[in-house]
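Sequence lines set the chain letters: A, B, ... in the order given, protein chains first and strands last, and positions in each chain run from 1.
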Amino acid sequence: MTALPIDSSRLAPPMLALVGNPNCGKTALFNLLTGSHQKVANYAGVTVERKEGWLRTPAGRRLAVLDLPGTYSLAPNSPDEQVTCDVLAGRLPGERRPDLVLAVVDATQLARQLRLVLGLQRLGLPLVVVLNMTDLARARGVDIDVEALSRALGVPVVSTVAVRGGGADALFSLLDAALPSAPPAASAGSVTDDYRQVKDILTTLGLDRVPAHAFTDRADRVLLHPLVGPLLLFALLFLIFQAVFAWAEAPMGWIESATALLGDAVGRVLPDGLLRSLLADGLIAGLGGVLVFLPQIVILFFFILVLEESGYLPRAAFLLDRLMGGVGLSGRAFIPLLSSFACAIPGIMATRTIQNPRDRWVTIMIAPLMTCSARLPVYALLIGAFIPARRVAGGLELQGLVLFALYLAGIVSAVWVAWLLKRLGSKDRQHTLLMELPDYHWPSLRNLAIGLWQRVLIFLQRVGGIILALTVLLWFLASFPGAPADFAGAPIEYSFAGRLGHFLLPLFEPIGFNWQIAVALVPGMAAREVAVSALGTVYALSATADDTAQALAPLIVAGWSLPTALSLLAWYVFAPQCLSTLATVRRETGGWSAPLLMAGYLFALAYAASFVTYRIALACCP
Amino acid sequence: MTLPENEMRLSDAETGAPMVVTGLDDSTGLPDLQMRLRELGFMEGEPVCVLRRGQPGGEPLAVRIGASTFALRRIEAACVRVAAGHVA
């Protein structure tokens, strides 16, 4: 037998780094170069996304490609830009210094972007300028002489169209040639000198007058119109909101049925006992609890990606900046907050687009106040059971009105909390915006597909693990110790969870909760909607049955007073007990202070709201 | 700080009026802002124009510089000194 074949190309292949301004089509180029060979993670110690992939050149060389965060200059202004600068300087721990820098330049924005190229030239790394979006430039009458530009800059220049298949062929063949030699490293130049040099180059090449994008100007006249703009934005948000809830309903139903089927199948195969309970009630139910949000998350991220790719997202931030700035938030906070209506976890993950750390922190803090879809089953149960289905003034459905009021209560309290945090924060700090409004363009299908796939994967990896672990833990708490045969009540009452519920009862009695609710709140910590099936368990119903809520409704109507039900509704507007959210906050903020503060303030708000609701309801309808 | 007679702050410029950057100030207490604005192209002699203003309150401003558009809050636009006119 001969020695194992070793693919020498797998041993640390040369590393290319993509560097460029935000919105220069860098990620599209990365997608075109690496296709599906991508890995998304974080840079060590910071919540900046790290995208690495690999490609094979026509001659068969394997090259690693790093998609560095977009930057306007090599004088960093945000954590993202800091990472780019540190990697390029070779001083980020755990990161190799790239062997070749591909400076991606938007051909329609030459002046600004070539200034970054001059900075990159001084790094002392081999450099190739990738002139991207040359098709768009040509459409605007800008024909760039690549040879002449290469001579003027003194580095190789290739032209690409990253959104078109085969658009990077010239770059691929260039990568097979020997690496260009590294220019001598030099200290940072002055902004003014770079500006003059680029201006001279562009004047010589006849490229100093690039017309603005006519379509963007026309579109902005409507989309950023003081009156029409916000109306269109509102309509768009409404559409997204509708889609997230309406379109996702069917696939969510399938996932629920599949989970139930699988649970039943396991139940039939395995004998009654601990293993069956762990698999069916713990693992499968837990996995189902994660997967059931997938349709909503896919739809939500699809819209966010389309908005991001097309260039509309910064416009939305522009329109909302004043409104959100009033309570100390940035206009950019609106997407994370919108996402939080599906689930706070992708919302909190989306706060990475907010550069100002304090704005980001405040946004994370209020994200759980956006009513997430996990609260809907609880709302649906209580409203269905306690709010009469009749029409009130103007033919409005009373039940729908109550649901709307619950959503509104969350939003209003979020505004209030943000305002309070702003008042408590330092007043001398200025909030800046300084955000590019890039030209509009059609999102490419490939970029959408890759982006969507990556986000789904991140959600499943980061969230799935946590929820699964917690579900199993709570299954343990709700199952042990097992009740003796002569125990009169539901077995869960005898378990750790049940004892915890009884122990907590004195705390919850003043807000009208009975011990059944207190017990159900404990497993409800894994995911809020679990509270419904937990109530089912407490009332000795089968927890896995799909019709738990239907069977439960008459029981709680008989057992609870209206003030108790209203109090529980108010509790769930704030409902701090979502451990997955808190775990995500810890991950994203890198410490325990934010999640602890969040849990504390949400608990206080929930308790206060329930107390007031219960007392008022008692006084009004004893 | 008083400005020369023919100059004004970009934040006070009329919407749609062609202006030229005449300089940058650091009056906001934002140390890096001036540098960042320069890097984005707000350099002496560059044509600049406030394309539109957000509502309510005329904030933020959409500003055209070179072939790019940036959204700036009033306080950021106030760092840029401008004078009326087209460049030759």
Side-chain angles (χ1 to χ4, degrees), chain A residues 21 23 71-77 106 108-113 115-116 119 140 142 190-192 194-196 198-199 208-213 216-217 220-221 224-227 229-230 314-315 317-323 325-326 330-331 428-439, chain B residues 9-11 15-16 18 20-80 86-88:
Chain A
N21 277 192
N23 309 306
T71 182
Y72 287 111
S73 85
L74 294 175
N77 240 322
D106 173 356
T108 65
Q109 302 282 354
L110 275 182
R112 165 158 56 89
Q113 312 215 345
R115 292 196 284 270
L116 177 64
R140 283 194 228 171
V142 180
S190 91
V191 180
T192 316
D194 284 0
Y195 172 79
R196 294 237 170 80
V198 167
K199 205 172 172 79
D208 53 335
R209 287 268 184 279
V210 177
H213 193 212
T216 297
D217 278 356
D220 274 349
R221 227 165 278 159
L224 294 184
H225 186 275
L227 195 69
R315 265 83 179 180
F318 179 92
L319 290 171
L320 291 169
D321 188 68
R322 180 75 192 189
L323 196 67
S330 133
D428 50 310
R429 253 203 66 256
Q430 297 290 351
H431 286 262
T432 59
L433 179 67
L434 198 56
M435 166 183 72
E436 188 180 356
L437 300 175
D439 291 340
Chain B
R9 309 215 164 268
L10 182 60
S11 47
T15 306
V20 173
V21 177
T22 51
L24 276 86
D25 290 333
D26 201 359
S27 52
T28 54
L30 297 163
D32 304 327
L33 182 63
Q34 201 183 344
M35 173 77 165
R36 174 58 30 134
L37 285 170
R38 281 181 194 281
E39 284 165 350
L40 295 180
F42 289 86
M43 298 292 288
E44 288 79 355
E46 271 297 304
V48 64
C49 177
V50 177
L51 294 181
R52 52 185 55 82
R53 289 178 152 88
Q55 288 301 328
E59 214 180 0
L61 295 82
V63 175
R64 167 70 40 83
I65 183 91
S68 321
T69 313
F70 286 93
L72 279 76
R73 285 194 180 151
R74 213 198 318 261
I75 182 124
E76 294 164 306
C79 290
V80 183
H86 298 269
V87 256

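Partners of B:E59 under the side chain to side chain donor-acceptor pair (under 3.5 Å) rule, at least two apart in sequence or in another chain, are A:R322.
Only the backbone of A:T108 comes within less than 4.5 Å of a heavy atom in chain B; its side chain stays farther off. Heavy atoms of A:Q109 lying under 4.5 Å from chain B belong exclusively to its side chain. The part of B:L61 that comes within reach of chain A is its backbone (N, CA, C, O), which places non-hydrogen atoms under 4.5 angstrom from that chain. Both the backbone and the side chain of A:D217 have a heavy atom closer than 4.5 Å to some heavy atom of chain B. With a 4.5 Å cut-off on non-hydrogen atoms, A:R315 does not touch chain B at all. Of the two parts of B:A77, neither the backbone nor the side chain holds a non-hydrogen atom closer than 4.5 Å to a non-hydrogen atom of chain A. Residue contact with chain B, scored on non-hydrogen atoms closer than 4.5 Å, is absent for A:A111. Only the side chain of A:Y195 comes within contact range of chain B, judged by heavy atoms closer than 4.5 Å. Heavy atoms closer than 4.5 Å to chain B are found nowhere in A:D106, neither backbone nor side chain.
The backbone N or O of A:S73 sits nowhere less than 3.5 Å from a side-chain atom of B:E39 that would complete a donor-acceptor pair.
Atom CG of residue B:L51 and atom OG1 of residue A:T216 lie 11.0 Å apart, to the nearest 0.5 angstrom. Separation of atoms CZ (B:R52) and NE2 (A:H225) is listed at 9.5 Å; rounding is to 0.5 Å. Rounding to the nearest 0.5 Å places CG of A:L437 at 10.0 Å from OG of B:S68.
Across every non-hydrogen atom of B:A71 and A:F318, the tightest pair is CB-CD1, 3.6 Å. Taking both residues in full, the closest heavy atoms of B:M35 and A:A75 are given as CE-CB, 4.2 Å, listed atom of the first, atom of the second, then distance.
Between chain A and the residues B:V63, B:L40, B:L72, the largest count of heavy-atom pairs under 4.5 Å involves B:L40. Between chain B and the options A:R221, A:R115, A:H213, heavy-atom pairs under 4.5 Å are most frequent for A:R115.
Using a 4.5 Å cut-off on side-chain heavy atoms (C-beta onward), B:M43 and A:V191 make contact. Two residues are said to be in side-chain contact when any heavy atoms from C-beta on lie closer than 4.5 Å; B:E46 and A:K199 meet this criterion.
Of the residues A:L319, A:L434, A:L433, the one that meets the side-chain contact (heavy atoms from CB on, under 4.5 Å) test with B:P60 is A:L433. With A:D321 as the fixed residue, the salt bridge (charged side-chain N to carboxylate O under 4.0 Å, His left out) test singles out one of B:R53, B:R74, B:R73: B:R73.
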